[in-house]
Amino acid sequence: MSKHNVNEATSDDHVHQLCAGRSVVALNFWASWAEPCKDMNEVFEELSRKYPSISYVKLEAENFPDVSETYEIAAVPTFIILKNGQVAERIEGANAPALSAAVEKFSKLVSPNNVALPSASSSASASANTHPSSSIASPPASAAAAQSPEEQRQNLQTRLKDLVSSNEVMVFIKGTPQQPRCGFSRTLVGLLGDVNVKYGSFNILADDDVRQGLKEYSNWPTFPQVYVRGELVGGLDIVKEMVESGEFQKMVPAEEDLNTRLTKLINKEPVMLFMKGDPETPRCGFSRQITSLLKEHDIAYSTFDILEDEEVRQGLKAYSDWPTYPQLYIKGELVGGLDIVREMIESGEFKAML
């Protein structure tokens with residue numbers, strides 16, 4: 001079998017080097033624990049042989065948290081096609097036909113003199129990535145598989161209830177406010193921006209359980225969906241009519257300053273954890289470890305997903321003078337991150353604070 005042309009990235013700088021100056025690059029974000037990635041890695045290698053004019057880069061998503069966040073990787077496998085440095089196409093999940101079609105399409109756009117990068121075996125060596133391990137997608141579904149269908153349904157209902165109530169105004173859209181991925185979502189984001197409404201958002205393309213479950217939960221079959229104080233308002237057309245009449249603006253809470261909001265959040269429950277993702281689907285290695293630790297020691301806590309609210313994510317760093325996540329608070333006071341919490345639990349000091 002011929003040698004594949006896939007370059008395995010070893011650092012963030014190496015990723016930039018592999019992409020620099022290439023007209024078309026295919027990025028493969030994968031994880032060693034995700035079974036679908038094994039088959040798709042083989043598909044990716046085979047495509048690199050068949051269409052060698054494209055540059056192929058493979059990244060283990062957990063080891064590249066900054067790059068993964070830049071490309072909003074929320075599940076593995078995810079494939080990104082870059083054309084002249086810009087995202088031209090995204091394929092999420094083990095969808096070999098879609099990936100093949102995208103690679104074939106973009107390979108025709110590469111000029112004949114734009115040769116592929118060196119193969120993985122001859123790539124210039126680079127220092128190992130020093131970023132801490134950071135999971136991007138949900139862990140394998142073994143835990144969910146051990147639950148009965150009714151238990152899974154109840155857990156999903158609880159999660160949906162928490163999600164729709166996680167912000168005073170909560171929108172469920174395709175993509176993110178910065179990069180909406182359908183016309184209706186884009187229009188809604190613009191509409192809310194025009195009336196200066198603060199809101200949290202959830203990308204339903206990143207979680208099919210939420211995407212399908214919310215249709216039944218709200219008895220509303222389409223997206224986007226807008227909630228105010230946990231209650232469904234409706235979709236784009238209804239919100240647009242309410243904005244035009246002024247009714248929507250009357251429903252939404254008066255804007256409070258960020259410090260007031262952060263103070264309320266850290267005091268929302270006796271133990272509050274600010275993490276990436278939620279306990280069922282942690283989206284970084286540190287968040288997964290701290291939730292496992294708290295569960296192992298039967299510590300009750302509530303969480304806030306800082307990936308869903310950039311204002312809180314950045315503001316809490318300054319508020320607490322603590323630059324990283326997760327952050328854990330007891331009775332409104334910062335305890336610290338994973339290492340400190342682990343030490344305090346082991347010493348017994350943590351439970352003494354409860």
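Numbers here are sequence positions counted from 1.
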For the pair [X] and [Y], find out whether any cationic side-chain nitrogen is under 4.0 Å from an anionic carboxylate oxygen.
| X | Y | result |
| --- | --- | --- |
| E46 | R49 | yes |
| R342 | D339 | yes |
| R159 | D278 | yes |
| K198 | E168 | no |
| E89 | K105 | yes |

query: Stepwise, does the side chain to side chain contact (heavy atoms under 4.5 Å, CB included) test hold for K38 with E42?
result: CA-CA 7 Å; K38 296 178 181 178; E42 293 182 7; 5.9 Å; no
Would you say [X] and [Y] make side-chain contact, with heavy atoms under 4.5 Å?
| X | Y | answer |
| --- | --- | --- |
| V189 | Y199 | yes |
| I238 | F248 | no |
| Y329 | L265 | no |
| K276 | P282 | no |
| P270 | Y301 | no |
| L192 | L188 | yes |
| D12 | D66 | yes |
| R283 | L307 | yes |

Let me confirm one number: the [atom1]-[atom2] distance from [X] to [Y], rounded to the nearest 0.5 Å.
| X | Y | atom1 | atom2 | value |
| --- | --- | --- | --- | --- |
| I266 | L334 | CD1 | CG | 8.5 Å |
| E343 | I340 | CD | CD1 | 7.0 Å |
| D237 | T222 | CG | OG1 | 9.0 Å |
| M40 | L99 | CE | CG | 5.0 Å |
| D162 | D305 | CG | CG | 11.5 Å |
| I330 | N267 | CD1 | CG | 12.5 Å |

task: Just do the side chain to side chain donor-acceptor pair (under 3.5 Å) check on E216 and Q212 with the steps written out, would you?
output: CA-CA 7 Å; E216 178 184 347; Q212 301 305 328; over 6 Å; no
- prompt: Who passes salt bridge (charged side-chain N to carboxylate O under 4.0 Å, His left out) against D209, sequence neighbours left out?
  reply: none
Count the heavy atoms belonging to other residues, nucleotides or ligands that lie under 6.0 Å from [atom1] of [X], then report whether that count exceeds 12.
| X | atom1 | result |
| --- | --- | --- |
| D321 | CG | no |
| E310 | CD | yes |
| K215 | NZ | yes |
| Q314 | CD | yes |
| F184 | CZ | no |

task: Please check if W30 and W33 belong to a single hydrophobic cluster, counting links between Ile, Leu, Val, Met, Phe, Trp and Tyr side chain heavy atoms closer than 4.5 Å.
output: no
- request: Identify whether V233 and V171 are in the same connected component of the hydrophobic contact network (ILVMFWY, side-chain heavy atoms under 4.5 Å).
  value: yes
Okay, side chain of [X], backbone of [Y]: is any donor-acceptor separation there less than 3.5 Å?
| X | Y | answer |
| --- | --- | --- |
| Q249 | V243 | yes |
| S68 | P65 | no |
| Y71 | L27 | no |
| Q225 | W220 | yes |
| S347 | M344 | yes |

Nearest atoms (heavy-atom pairs only) where [X] meets [Y]:
| X | Y | answer |
| --- | --- | --- |
| P52 | N5 | CB-ND2, 3.7 Å |
| N167 | G200 | ND2-CA, 3.6 Å |
| A94 | P77 | N-CG, 4.0 Å |
| H14 | E8 | CE1-O, 3.6 Å |
| A26 | I54 | N-CG2, 3.9 Å |
| S218 | L232 | O-CD2, 3.8 Å |

query: Would V24 and I81 satisfy side chain to side chain contact (heavy atoms under 4.5 Å, CB included), going step by step from the backbone distance to the final call?
result: CA-CA 7 Å; V24 179; I81 306 295; 4.1 Å; yes
- request: Output, in order, the C-alpha distance, side-chain angles, deciding distance and verdict of side chain to side chain contact (heavy atoms under 4.5 Å, CB included) for C37 and F29.
  value: CA-CA 9 Å; C37 290; F29 291 86; over 6 Å; no
For [X] and [Y], test the side chains for any donor-to-acceptor distance below 3.5 angstrom and give the result as yes or no.
| X | Y | answer |
| --- | --- | --- |
| Q154 | E150 | yes |
| N203 | R211 | no |
| T263 | Y319 | yes |

Taking the ring of [Y] and the ring of [X], is the distance between their centroids below 6.0 Å?
| X | Y | answer |
| --- | --- | --- |
| F304 | F274 | yes |
| F106 | Y51 | no |
| F44 | F79 | yes |

- request: Please step through salt bridge (Lys or Arg N to Asp or Glu O under 4.0 Å) for the pair E104 and K50, ending with a clear verdict.
  value: CA-CA 9 Å; E104 180 180 9; K50 190 173 181 180; over 6 Å; no
task: Can you tell me which residue pairs pass the salt bridge (charged side-chain N to carboxylate O under 4.0 Å, His left out) test with a partner in residues 170-190, sequence neighbours excluded?
output: E92-R181
Check against side chain to side chain contact (heavy atoms under 4.5 Å, CB included), V164 and Y217: CA-CA 10 Å; V164 301; Y217 178 90; 4.0 Å; yes
